[in-house]
Amino acid sequence: MADRVAPPVAKKVPTPRVHHGDVVVDDYEWMRDKDDPEVIAYLEAQNAFVEQETAHLAQLRRDIFGEIKSRVQETDMSVPTRSGRFWYFTRTTEGQQYAVSCRCPIASPDDWTPPEVTPGVALPGEEIVFDANAEARGHDFFSLGATSVSHDGDWLAYSTDVKGDERYTLRIRNLVTGELLPDTIAGIAAGATWSRDARYVFYSTVDDAWRPDTVWRHEVGSAEPDVQVFHEPDERYWVGIGTTQSEDYLVLSVGSKVTSEALVLSADDPTGEFVSVAGRTDGVDYSVEHARIAGQDWFVIVHNGERDGVKAIDFAVDLVPVGDFGARRELIPHRPGRRLEDVDCFRDYLVLSYRADALPRLAIADLRRVDGIPAPDDFVEVTFPQELRSAGLGANAEWDTPRLRIVYTSYVDPAEVFDLDVATGERTLLRRQPVLGGYDPDDYTAVREWAVAGDGTRVPVSLVFRRDLDRSAPAPMLLYGYGSYETCLDPGFSVARLSMLDRGMVMAFAHVRGGGEMGRLWYENGKTLSKKNTFTDFIDVARHLIDTGWTSPDHLVAEGGSAGGLLVGAVVNLAPELFNGVLAAVPFVDALTSILDPSLPLTVIEWDEWGDPLHDPEVYAYMKSYSPYENVAPRPYPAILAENSLHDTRVLFVEAAKWVARLQECTTSENPVLLKTEMTAGHGGVSGRYKQWEETAFELAWILQQSGRRPVEADNRPAGSADE
């Protein structure tokens with residue numbers, strides 16, 4: 001048709017780059033300047049091409065949006081969490097994009113039973129703490145960085161981002177009078193931490209590469225310059241500040257990808273000097289909490305350091321007395337294959353979060369039943385009936401809580417929040433995530449399979465599908481992966497996923513190396529000079545699913561976002577024949593170019609993850625051999641949808657823009673390569689729940705098409721009704 005939009009053809013401006021004697025000519029580096037009108041025009045032309053190529057999916061998108069909306073209880077509220085003199089909770093209201101933070105007073109110091117909640121009905125004494133809808137008014141994008149209430153409950157410090165670049169403006173409000181103070185601090189990182197006396201607020205700022213590098217102390221209501229509390233000159237490290245669960249100590253955290261340090265300060269002395277608990281040793285990662293055991297104050301250290309010459313690869317837990325950091329003793333020894341992640345400390349309990357068999361787990365030591373320091377056997381696991389499930393601590397703001405708030409979910413079970421009486425084991429269900437429209441978990445199931453990688457490693461893969469799935473033929477399937485930063489793809493419920501499952505799709509999660517599902521070595525064997533294991537694991541999972549009859553290349557779609565975008569970008573160069581579509585969200589696909597430039601946000605701290613190609617020729621050659629943009633070549637690529645955001649500071653928009661330009665130039669197939677750019681968003685995409693549902697519906701409609709569920713098969717049934 002004469003009025004059809006042709007795919008944009010990007011101009012070429014050869015830009016040479018020389019490292020380690022290797023000359024690379026980049027034709028599309030000119031796209032980096034987002035202030036260049038020609039760059040904006042190119043992105044808008046790509047968006048117009050996307051609109052044309054996906055116009056036939058409009059009805060399917062409307063159907064899916066309607067299904068998501070109909071399954072969500074739009075006017076809803078969270079379970080109240082006690083903190084100080086109040087119960088805190090959030091409300092959502094039908095038609096509003098954002099949640100409203102609220103609170104109501106506790107009945108008495110012994111009131112530990114959260115008030116019964118009714119969506120849309122106010123609780124006695126209820127007041128609004130923060131209304132994000134009012135704050136977002138007039139802005140195309142809105143993100144809340146912090147809502148931190150002072151210990152006495154009288155003050156609110158909050159930070160907002162209205163651009164998407166994750167640079168926040170901090171404001172302070174008196175919750176008693178409603179007065180908004182003139183104190184305004186712009187360009188900070190997201191968080192804010194109060195001193196116990198509510199006289200000071202601590203916050204972090206960033207350097208030119210947008211690395212949080214400095215912690216400041218601001219005196220509320222004062223016009224005096226803020227005081228620099230700590231500055232980290234080493235570009236490999238981030239800094240941040242928070243408190244222990246007991247709120248007795250401020251904790252200043254300094255960390256790279258592999259090394260960390262924790263410095264503490266009594267909350268009663270906010271202008272004092274922070275003291276390092278365990279120093280800083282290259283390759284030693286640790287965190288610190290405060291516990292009171294047998295009448296003595298301790299710092300609990302979760303670490304991967306050495307004991308008796310043996311490194312605790314999967315971490316161990318030590319105790320060190322407050323005031324005598326040299327008298328360190330072991331609490332929980334290292335055990336290979338059991339990855340210790342955290343210890344939360346309460347007056348009466350120590351709660352260990354760990355993972356084994358590729359699943360997160362909880363174990364609790366009841367200090368009331370222990371004489372002195374608990375032994376490892378005193379930590380009793382909290383068990384659940386569903387095999388593939390996730391469970392963890394919920395919101396437990398109070399250190400002296402008599403019950404523990406636990407959150408449970410699985411691939412098929414909506415999230416449940418319950419209070420656990422540790423002494424009796426009794427669980428009181430407080431809330432089950434409502435799923436409207438007659439959802440029945442028994443209609444769905446999840447299984448775990450194991451693919452065998454080329455080097456013999458067994459790679460777990462989780463699959464979710466309807467119980468009545470027809471297994472007589474290959475099924476449409478979405479295969480999702482990430483595989484970086486020790487991030488785990490743990491079981492979790494998704495309302496939006498039902499729109500795929502009810503159309504006969506299978507959702508698969510590849511737990512590839514580079515993630516943390518199988519312990520720290522699983523992560524280390526998928527990073528730096530072992531990074532290619534991440535990509536080959538994903539390919540081997542795809543082949544396993546094809547060879548065992550779950551799906552076929554004509555029905556298989558791959559998805560990954562951010563570092564997962566690097567994964568699918570590398571995979572589609574290595575094995576394009578396995579997939580009928582690839583969705584890459586804010587994809588890190590020009591990895592070598594970015595990691596070579598220390599002036600870019602995040603680059604130097606990323607060297608621990610990817611290696612340092614700027615100074616190490618071996619790393620340079622290795623990264624060049626897999627970086628998706630570097631390895632685009634004439635080959636029959638499947639259909640590709642890349643999504644990015646103009647104001648993303650984690651993965652710059654230019655990465656996807658350049659990648660798509662080269663793909664459109666090189667592909668030898670007729671499959672469309674699409675670039676969709678959000679012009680008013682950041683790394684997390686659009687803001688506001690309805691906008692996010694619309695974006696999800698767009699993605700799912702495209703996935704359904706590429707999986708073989710063609711739009712002509714999309715039903716016109718009422719939104720939320722049962723499918724086929």
Side-chain angles (χ1 to χ4, degrees), residues 72-137 142-160 170-181 192-194 196 198 201 220 243 247 393-407 414-419 428-436 687-690:
V72 174
Q73 186 166 293
E74 297 178 68
T75 298
D76 202 359
M77 63 185 296
S78 66
V79 177
T81 299
R82 177 173 156 164
S83 181
R85 297 179 288 117
F86 298 93
W87 291 102
Y88 289 84
F89 51 95
T90 60
R91 287 189 181 275
T92 56
T93 301
E94 184 175 358
Q96 292 187 346
Q97 293 276 12
Y98 302 97
V100 177
S101 299
C102 306
R103 70 181 183 182
C104 67
I106 62 174
S108 71
D110 296 326
D111 176 20
W112 292 100
T113 301
E116 292 187 17
V117 299
T118 302
V121 178
L123 295 172
E126 180 175 332
E127 60 185 68
I128 292 176
V129 176
F130 185 83
D131 185 350
N133 298 286
E135 295 288 337
R137 195 167 295 128
F142 178 81
S143 177
L144 186 60
T147 50
S148 179
V149 177
S150 61
H151 187 76
D152 59 13
D154 292 346
W155 298 91
L156 171 70
Y158 67 94
S159 59
T160 58
L170 180 69
R171 301 298 307 272
I172 298 173
R173 177 177 290 131
N174 186 313
L175 292 176
V176 178
T177 66
E179 176 191 7
L180 183 64
L181 299 191
T193 300
W194 285 97
R196 202 207 297 264
V201 173
V220 176
T243 68
E247 295 191 331
L393 278 181
N396 291 274
E398 291 290 90
W399 178 74
D400 56 350
T401 177
R403 297 188 287 264
L404 290 176
R405 184 73 54 83
I406 307 290
V407 178
E416 295 181 348
V417 180
F418 58 88
D419 275 351
T428 302
L429 181 65
L430 302 176
R431 170 185 166 88
R432 178 180 290 111
Q433 177 188 354
V435 184
L436 307 183
S687 64
R689 57 175 176 166
Y690 295 107

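Predicted model, so just to flag it, every value in this text is computed and none were measured. Position 1 is the first residue of the sequence; numbering continues from there.
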Exercise. What closest approach, in Å, do W155 and V220 show between heavy atoms, and which atom pair accounts for it?
Worked result: CZ3-CG1, 4.4 Å
Seminar exercise, completed: R431 and M77 have their tightest heavy-atom pair at NH1-O, 3.0 Å
Exercise. Is there a side-chain contact between D400 and W112, using heavy atoms and a 4.5 Å cut-off?
Worked result: yes
Exercise. Between T93 and V100, does a side chain to side chain contact (heavy atoms under 4.5 Å, CB included) hold up when you go through it step by step?
Worked result: CA-CA 9 Å; T93 301; V100 177; 5.8 Å; no
Seminar exercise, completed: Only residue of N174, I172, V129 satisfying side-chain contact (heavy atoms from CB on, under 4.5 Å) with L156 is V129
Exercise. Do S148 side-chain atoms and T193 backbone N/O form a donor-acceptor pair below 3.5 Å?
Worked result: no
Exercise. Quick one: does R85's side chain have a donor or acceptor within less than 3.5 Å of a partner on D152's backbone?
Worked result: yes
For this session: Could you tell me whether the side chain of N396 and the main chain of R405 form a donor-acceptor pair under 3.5 Å?
Result: yes
Exercise. Closest approach of V117 and P80, non-hydrogen atoms and distance?
Worked result: CG1-CD, 3.5 Å
Problem set entry | Test item: side-chain donor near acceptor, R103 and Y88, under 3.5 Å | yes
For this session: May I have the step-by-step check of side chain to side chain contact (heavy atoms under 4.5 Å, CB included) for W194 and V201, ending in yes or no?
Result: CA-CA 5 Å; W194 285 97; V201 173; 3.4 Å; yes
For this session: Please say which of D111, L123, T113, T81 ends up in a side-chain contact (heavy atoms from CB on, under 4.5 Å) with W87.
Result: D111
Problem set entry | Heavy-atom side-chain proximity of T401 to R82 below 4.5 angstrom | no
Exercise. Atom CG of D76 and atom OG1 of T92: how far apart are they, to the nearest 0.5 Å?
Worked result: 5.0 Å
Problem set entry | Under the salt bridge (charged side-chain N to carboxylate O under 4.0 Å, His left out) test, residues paired with E247 that sit two or more places apart | none
Exercise. Is there a donor-acceptor pair closer than 3.5 Å between any side-chain N or O of T75 and the backbone N or O of E94?
Worked result: yes
Exercise. With a 4.5 Å heavy-atom cut-off, do I406 and L393 have their side chains touching?
Worked result: yes
For this session: Check whether any side-chain heavy atom of L430 lies under 4.5 Å from a side-chain heavy atom of P114, and answer yes or no.
Result: yes
Exercise. R689 side chain to E74 main-chain N or O, any donor-acceptor pair under 3.5 Å?
Worked result: yes
Exercise. Which pair of non-hydrogen atoms, one from T118 and one from R91, has the smallest distance, and what is that distance?
Worked result: O-NH1, 3.6 Å
Seminar exercise, completed: Distance col, row N133:CG vs Q97:CD, nearest 0.5 angstrom, shows 8.0 Å
For this session: Would you please test S83 and E398 for side chain to side chain contact (heavy atoms under 4.5 Å, CB included) and show each step?
Result: CA-CA 6 Å; S83 181; E398 291 290 90; 4.2 Å; yes
Exercise. Side chain of Q433, backbone of A415: donor and acceptor closer than 3.5 Å?
Worked result: yes
Seminar exercise, completed: Note: L170 and A157 closest approach over all heavy atoms is CD1-CB, 4.2 Å
Exercise. Between E135 and R171, is there a side-chain N and carboxylate O pair less than 4.0 Å apart?
Worked result: no
Problem set entry | Those residues that, when tested against F142, pass ring pair (Phe, Tyr, Trp, His ring centres under 6.0 Å) (two or more places apart) | Y98
Seminar exercise, completed: Note: C102 and E126 closest approach over all heavy atoms is SG-OE2, 3.7 Å
